Amino acid sequence: MLYSSLKLFNLNQPILIFGRDGQIGKSLQEYFNHLKVPVIFLGRLDCDLSDELAIKKILNHYSPSIIINAAAYTEVDKAESEIQLAFAVNAKAPEVMARYIANVPHGILVHYSTDYVFGDTKKTAYFETDSTGPIEKLSIYGQSKLAGEKAVEEVFNFGQDSRYASAQDNLSRYFILRTSWVYGDGGNFILTMLRLAAEKDQLRVVCDQLGVPTSAKWLAEIGVQIANSKSESGIYHAVPDGKTSWYELAIFIIEVAASVGRRVKVNEKNIFPIPAIDYPLPAKRPYNSSINNSKLKRALSKLEFSRQYPHWQEQVEDYVRHHVIFNIKN
Ligand SMILES: NC(=O)c1ccc[n+]([C@@H]2O[C@H](COP(=O)([O-])OP(=O)(O)OC[C@H]3O[C@@H](n4cnc5c(N)ncnc54)[C@H](OP(=O)(O)O)[C@@H]3O)[C@@H](O)[C@H]2O)c1
């Protein structure tokens, strides 16, 4: 996308991005680098998101008109014992960002969220209109992310300054992009499988949890594109097409890796499916993590840049190929 095509952005005020060093944050850095747009990226040392005052100070200092929040407390199991911290980063911090942006004319908040807000109430893919929870079926991480979504929505629905809320043209907007099974530059399932496939003679992988692997690079692009569109505020499910289980995904990763020259000790015959119950972890995970992307597709189809919507297999294949080839060369 060309710099000039970011025409809906008010570039007189900076774009502020939280979560610089995370998977999506790093992809956003790459994306904006390529666009040559002035952006301020903030990491944990620049602004601790568990500190409400620190966030307010940063917002007042930079006066951004666009905020992309790619930061989150993402340690799903640790969150079970760090409840306060998880809620501070995943619920209070986005609320503070929303309160600020809601009263900036034409302001935009892009906030990433998760499929973990759903607690296995359906066997098919969830729509944005489906009920979340129930709370008792969610992990602490899921609860804290859900509280963040609700806080953002509440601020925009009820907390906008009447001077701006009455002038439709001035209205600021928010986009909550719910996604799942993210992989990029950071610890993730694909890299774990590639490492294990080189070390072990056999693997056991969970086969009864379903979801959609999603590229951080693509999520960065979607975040910018939706912000630079006339799309309505709201929640959007941001995942590619298709769905899979961890087990099928592991086989796919290892097949692609082997096809581009990675030495692996396992193949389909010695990767064994196991139920999630045989791989106990401190935090609950949904069995059904699949979310329906048709709302996002409709929004993107109205944009100039609109192109073929990806399938998860294309993105994973691309990622594995690049990773393996890069590591063979280096
Ligand atoms: N990963 C997934 O599978 C997945 C699935 C669904 C949704 N999501 C959502 O997607 C978004 C991004 O995920 P990701 O995979 O890119 O996450 P990630 O790689 O774990 O990055 C999260 C970032 O948040 C930062 N952070 C955490 N606590 C902070 C604090 N107190 N103050 C400031 N920064 C803090 C971390 O800083 P440090 O680098 O200093 O640790 C890290 O850079 C999140 O909203 C997440 O909930 C992720």
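Position 1 is the first residue of the sequence; numbering continues from there. Counting convention: from 1, in listed order, for ligands and their atoms alike. Keep in mind it's a predicted model, so treat the numbers as computed, not measured.
- Residue Tyr112 has at least one heavy-atom neighbour below 4.0 Å for each of these atoms of ligand 1: 10 (O), 11 (C), 45 (O).
- Not a single heavy atom of Gly186 sits under 4.0 Å from any atom of ligand 1.
- The closest approach between a heavy atom of Ser180 and any atom of ligand 1 is below 4.0 Å.
- Which parts of ligand 1 touch Ala70 is read off a 4.0 Å heavy-atom cut-off, strictly below it: atoms 12 (C).
- Taking every heavy atom of both residues into account, Ile176 and Ser113 meet most closely at CG2-CB, 3.8 Å.
- Of the candidates Trp246, Tyr116, Phe189, Trp181 forms a ring pair (Phe, Tyr, Trp, His ring centres under 6.0 Å) with just one, namely Trp246.
- Atoms of ligand 1 found under 4.0 Å from any heavy atom of Val89 (numbered from 1 in listed order, with element): 31 (N).
- Ring pair Tyr319/His323 is parallel by interplanar angle, where below 30° counts as parallel and above 60° as perpendicular.
- Of all atoms in ligand 1, listed by their number and element, those nearer than 4.0 Å to a heavy atom of Cys47 are 32 (N), 33 (C).
- One finds no salt bridge joining Lys145 and Asp115 here, because no Lys/Arg side-chain nitrogen approaches an Asp/Glu carboxylate oxygen to under 4.0 Å.
- Of all protein heavy atoms, the one lying nearest to atom 39 (O) of ligand 1 is Asp21 CB, 3.6 Å.
- For ligand 1 and Asp48, the ligand atoms under 4.0 Å from any heavy atom of the residue are 30 (C), 31 (N), 32 (N).
- Within the set Thr179, Thr74, Thr214, Thr114, the minimum heavy-atom distance to atom 17 (O) of ligand 1 is found for Thr74.
- A salt bridge links Arg20 to Asp46: one of the charged nitrogens lies within less than 4.0 Å of a carboxylate oxygen.
- Nearest heavy atoms, Ala102 versus Ser172: O-OG, 2.9 Å.
- Numbered from 1 in the order shown, with element, the atoms of ligand 1 that lie under 4.0 Å from a heavy atom of Trp181 read 3 (O), 5 (C).
- Here the protein heavy atom with the shortest distance to atom 45 (O) of ligand 1 is Lys145 NZ, 2.7 Å.
- Remark: minimum distance from atom 32 (N) of ligand 1 to any protein heavy atom is reached at Leu49 N, 2.8 Å.
- For atom 16 (O) of ligand 1, the nearest non-hydrogen atom from the set Leu85, Val239, Ile24 comes from Ile24.
- Residues Trp218 and Tyr309 place their aromatic rings such that the two centres sit under 6.0 Å apart.
- The protein heavy atom nearest to atom 15 (O) of ligand 1 is Gln23 NE2, 3.1 Å.
- Nearest to atom 44 (C) of ligand 1 by heavy atom, out of Ala88, Ala216, Ala72, is Ala72.
- Taking the charged nitrogens against the carboxylate oxygens, Arg321 and Glu317 do have a contact shorter than 4.0 Å, which makes a salt bridge.
- Placement of Ile235 and Leu109 within a single hydrophobic cluster is found when ILVMFWY residues are connected by side-chain heavy-atom separations under 4.5 Å, directly or transitively.
- A salt bridge does not link Lys26 to Glu30: none of the charged side-chain nitrogens sits closer than 4.0 Å to a carboxylate oxygen.
- By the criterion of side-chain heavy atoms lying less than 4.5 angstrom apart, applied directly or through intervening Ile, Leu, Val, Met, Phe, Trp or Tyr residues, Leu203 is grouped together with Tyr279 in one hydrophobic cluster.
- Contact atoms of ligand 1 toward Tyr141: 8 (N), 46 (C), 47 (O) (distance under 4.0 Å to a heavy atom of the residue).
- Closest to atom 41 (O) of ligand 1 among all protein heavy atoms lies Arg44 NH2, 2.9 Å.
- For atom 1 (N) of ligand 1, the nearest protein heavy atom (residue, atom name, distance) is Val182 CB, 3.6 Å.
- Glu95 has a carboxylate O that lies under 4.0 Å from a charged side-chain N of Lys92, or vice versa, which qualifies the two as a salt bridge.
- For atom 7 (C) of ligand 1, the closest non-hydrogen atom of the protein is Ser113 O, 3.2 Å.
- Protein heavy atom closest to atom 43 (O) of ligand 1, with residue, atom name and distance, is Gly22 N, 3.0 Å.
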